[in-house]
> 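One structure, as structure tokens, below. Some questions next.
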Amino acid sequence: MAKNQTIKSVKGTTDFYPEEMALRTWLYNRIRQLSESFGYEEYEGPMLETFELYAAKSGEELVEKQSYVFEDRGGDKIALRPELTPSLARMVAKKQGQLNFPLRWWSFGPFWRYERPQKGRTREFFQWNIDMVGLDSPESDAELIIIAAEFLKGFGLTSKDVQIKINHRALMQEQLVKLGISEDLIPPAFQLIDKKDKLKFEKWQDYAIEIGFSNNQLDQLNELLDNKELWKESETLSRIFEIVEAYGLSDYVSFDFSIIRGLLYYTGTVFEAWDTGGEHRAIFGGGRYDNLVGDVGGNPISGVGFAVGNLVLSLILEQMGLTPDYSKTPADVFVTVFSEELMLESIKIGQELRSAGIKTASHLKLSKLGSQFKYADRIGARLALVFGPDEFDADEVKIKNLQSGDQIAVKRDQLVNKITDLLE
RNA sequence: GUGGGUAUAGCUCAAUAGGCAGAGCUCCGCACUGUGGAUGCGGUGGUUGAGGGUUCAAAUCCCUUUACCCACCCCA
């Protein structure tokens, strides 16, 4: 079939063929296990939300340019969710009186952002979100950072491969005020700091002057950015580092005054994880948000959490050879068909094995034994069964080990036991 | 939204200066009608992304267009 005749997939979406799906499921299972080990419960929000939910607080770029928005048949403005935290806030606000705080919740699902796809970025992607809502303390910030570090460590990534960089928005604000930066210059100042590593130094300085920094303030800002001990000025960060150290994970976590986070709703601790080579974009990002539940109509309640996309993480893991081998074994046992007369009996044999909990695929048409073995080998089956006239007369089934080529005959009534033994 | 690159068989890629569109792998068949992987032989598979132009002749040169990739922006 000619390529230009196949119907195209939607730009920026991913087809999960069995191999890719195996990776996704593997990732999901690790996430579930880790989340549950810290006592977090799985939840899920809708893929569709009102546009209004994001309009307030998610940040202009994300809402105005990157959201999939459409009008439904009733005329309501609907968005495909570009992130989960607002949905979480909405769900918490809705049942606020009935929930046991602090909540420890996690989720893994699809998100959509209308962007130009490139390496580590697609329009449809998956995210792990994990949040604690209803407890505002350095200890709760630290727990999320610990989970993040354990997550990375669990894959075999070392502190030399990845780093979690943390900062605190209140600390930044304080320090900027100390420089005599006026209230309305603070948001642009955050942007400026965010751009420090992205622009050439001279350009960055020009930009600073342009938004209203004095030369003196600029010098002082540079001093701030070079100050690796600045976190000591923040009680919260000090406590977080203390706890992280108690967990033996200090290597993974470092202070970085340039971590800002684009989303507007973060109010306290903010953190991101990066590969130390600086080759990829951020692996995850998160932080504390004080006002979000209040913003969607609930009583103000604080939360902290982070989101990990599947793409950058997968790229890094694959690059470092930390993904599992996908030994493709959809079926451990493959039952061949010898002849028209014996086909039903072969299918029955397959059914017996399945009843015993053995993953079994049956051949469903007459064809040469050779091609049946070939197929069995290709799908990764470990054993192939032959049931022909000779076996029928002797009340036996032949079991062939597809790796070694050895073949044995067993009595029909011992087949399940024998195969169970062989597969162990 | 801005900039760069690529497009030839299912996949990876060739095709001198414009001159018969090819190879490897895969797939299918046979050697091997009760046994897969190895080997050998044979075969299927193409409107060279699409549309137009120049030319005796276009995968190749020109124009238009689409898709994909990469970077910026932004972010997971």
Side-chain angles (χ1 to χ4, degrees), chain A residues 1-14 27 58-67 81-85 108-130 148 191 194-195 198-199 259-264 266 271-275 279-287 305-316 334 336-339 342 363 366-393 397-409:
Chain A
M1 181 169 316
K3 195 161 61 177
N4 57 12
Q5 286 174 348
T6 60
I7 294 174
K8 288 192 278 278
S9 55
V10 174
K11 186 190 185 95
T13 58
T14 312
L27 205 58
S58 288
E60 190 191 330
E61 176 87 12
L62 183 59
V63 176
E64 297 298 330
K65 293 184 171 172
Q66 298 177 356
S67 291
R81 63 180 188 185
E83 57 162 338
L84 189 61
T85 309
F108 182 85
F111 296 86
W112 295 267
R113 290 184 193 177
Y114 192 82
E115 298 186 275
R116 285 281 274 271
Q118 56 195 268
K119 197 172 185 182
R121 189 166 80 183
T122 54
R123 287 180 172 181
E124 180 179 65
F125 59 97
F126 284 76
Q127 261 189 2
W128 172 37
N129 280 261
I130 182 163
Q191 279 221 321
D194 190 42
K195 291 205 186 306
K198 293 172 184 169
L199 296 176
I259 299 299
I260 302 284
R261 311 286 307 131
L263 298 172
L264 297 175
Y266 291 116
F271 52 96
E272 292 178 350
W274 292 83
D275 67 302
E279 187 186 335
H280 301 278
R281 58 189 79 242
I283 303 167
F284 63 74
F306 64 88
V308 188
N310 62 324
L311 295 168
V312 173
L313 181 65
S314 301
L315 281 174
I316 290 172
F334 186 82
T336 62
V337 173
F338 193 85
S339 65
L342 294 170
H363 200 65
L366 290 174
S367 49
K368 295 201 312 181
L369 266 185
S371 65
Q372 296 189 46
F373 276 105
K374 193 169 181 176
Y375 177 79
D377 184 49
R378 285 191 180 168
I379 65 169
R382 291 163 64 190
L383 303 174
L385 306 189
V386 179
F387 186 72
D390 296 350
E391 289 78 14
F392 180 80
D393 290 342
V397 178
K398 291 251 169 60
I399 305 174
K400 177 161 182 164
N401 181 322
L402 287 168
Q403 271 111 57
S404 65
D406 297 341
Q407 189 164 293
I408 57 171

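Each chain gets a letter, A, B and so on, in the order its sequence line appears, and its residues count up from 1.
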> Closest to the A/K398 side chain: B/G34, B/G36, B/C28?
B/G34
> At less than 3.5 Å, do the side-chain atoms of A/K374 and the base atoms of B/G37 form a donor-acceptor pair?
no
> Describe the nucleic acid contact of A/N310 in one word from base, sugar-phosphate, nothing, applying a heavy-atom distance below 4.0 Å.
nothing
> May I ask you to verify if any side-chain N or O of A/Q66 is less than 4.0 angstrom from the OP1 or OP2 atom of B/C74?
no
> Considering every strand and a 4.0 Å limit on heavy-atom distances, what is the contact class for A/Q191: base, sugar-phosphate, or nothing?
nothing
> A/Q407 near the nucleic acid: base, sugar-phosphate alone, or nothing, with a heavy-atom cut-off under 4.0 Å?
base
> Counting distance alone, no hydrogens or angles: does the base of B/G34 have a donor or acceptor under 3.5 Å from a partner atom on the side chain of A/E391?
yes
> Taking only the C1' atom of each, what is the distance from B/A9 to B/U44 in whole angstrom?
11 Å
> Provide the Watson-Crick or G-U wobble partner of B/A59, both distances under 3.5 Å; none if there is no partner.
none
> Quick one: are the ring centres of A/F126 and A/F108 less than 6.0 Å apart?
yes
> Is there a donor and acceptor pair closer than 3.5 Å between the side chain of A/R116 and the base of B/C72?
no
> Given B/C69, B/C75, B/G36, identify the nucleotide with an atom nearest to the side chain of A/P117.
B/C69
> For B/A71, take OP1 and OP2 only and decide whether either is under 4.0 Å from a side-chain N or O of A/K119.
no
> Can a side chain N or O of A/K368 be found less than 4.0 Å away from OP1 or OP2 on B/C30?
yes
> Looking for any heavy atom pair under 4.0 Å, which part of the strands does A/F284 touch: base, sugar-phosphate only, or nothing?
sugar-phosphate
